[in-house]
Amino acid sequence: IPVVQASGSTLLTYLNPSVTLTASTTGLGYIWSNGVNTRSITVNQPGTYYVSVVDSNGCSAISKAMPVSNKSCTPPKQPSIRIITDGHPW
């Protein structure tokens with residue numbers, strides 16, 4: 001059974017915008033859940049990825065799913081600005 005291996009963290013962030021996923025098993029053919037047919041894929045969208053690998057006997061096996069997620073950011077609080085003219089706030 002193929003195993004999906006990640007090149008790094010599967011948590012996508014501003015500093016880590018993508019991850020490469022690779023099928024551990026060498027085969028004659030590959031088909032990923034996103035339709036790509038190479039041994040490795042680079043993804044930059046959150047989702048659940050798995051791969052089906054076909055061996056030299058024509059047998060296929062599907063990996064367990066590899067979740068890729070993204071870290072949601074909370075924007076900083078908007079600063080408030082007060083204008084004071086001649087000592088009077090407006």
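No single ILVMFWY cluster, assembled from side-chain heavy atoms under 4.5 Å apart, contains both Val68 and Ile31.
Within the model, atoms OG1 of Thr22 and CE of Met66 stand 10.0 Å from one another, a figure rounded to the nearest 0.5 Å. Here Ser33 contributes atom OG and Ile62 contributes atom CD1; the two are 10.0 Å apart, rounded to the nearest 0.5 Å. In this structure, Tyr30 OH and Arg39 CZ are separated by 4.5 Å, a value rounded to the nearest 0.5 Å. Atoms OG1 and NZ, from Thr13 and Lys71 in turn, are 8.5 Å apart once rounded to the nearest 0.5 Å.
Shown here for Thr48 and Ala65, the closest heavy-atom pair between the two residues is CG2-CB, 3.1 Å. Across every non-hydrogen atom of Ile1 and Ser63, the tightest pair is CG2-CA, 4.4 Å. Tyr49 approaches Leu21 most closely through the heavy-atom pair CB-CD1, 3.7 Å.
Looking at Ser18, its side chain never comes within 3.5 Å of a backbone N or O of Asn44 through a donor-acceptor pair. In this structure, the side chain of Asn70 does not engage the main chain of Leu11 through any donor-acceptor pair within 3.5 Å.
Of the N and O atoms on the side chains of Thr20 and Thr42, at least one donor lies less than 3.5 Å from an acceptor on the other residue.
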Donor-acceptor contacts, no H, no angles, side chain residues 50-61, under 3.5 Å, sequence neighbours left out:
residue, atom, partner, partner atom, Å
Asp55, OD1, Asn57, N, 2.9
Asp55, OD1, Gly58, N, 3.2
Asp55, OD1, Cys59, N, 3.0

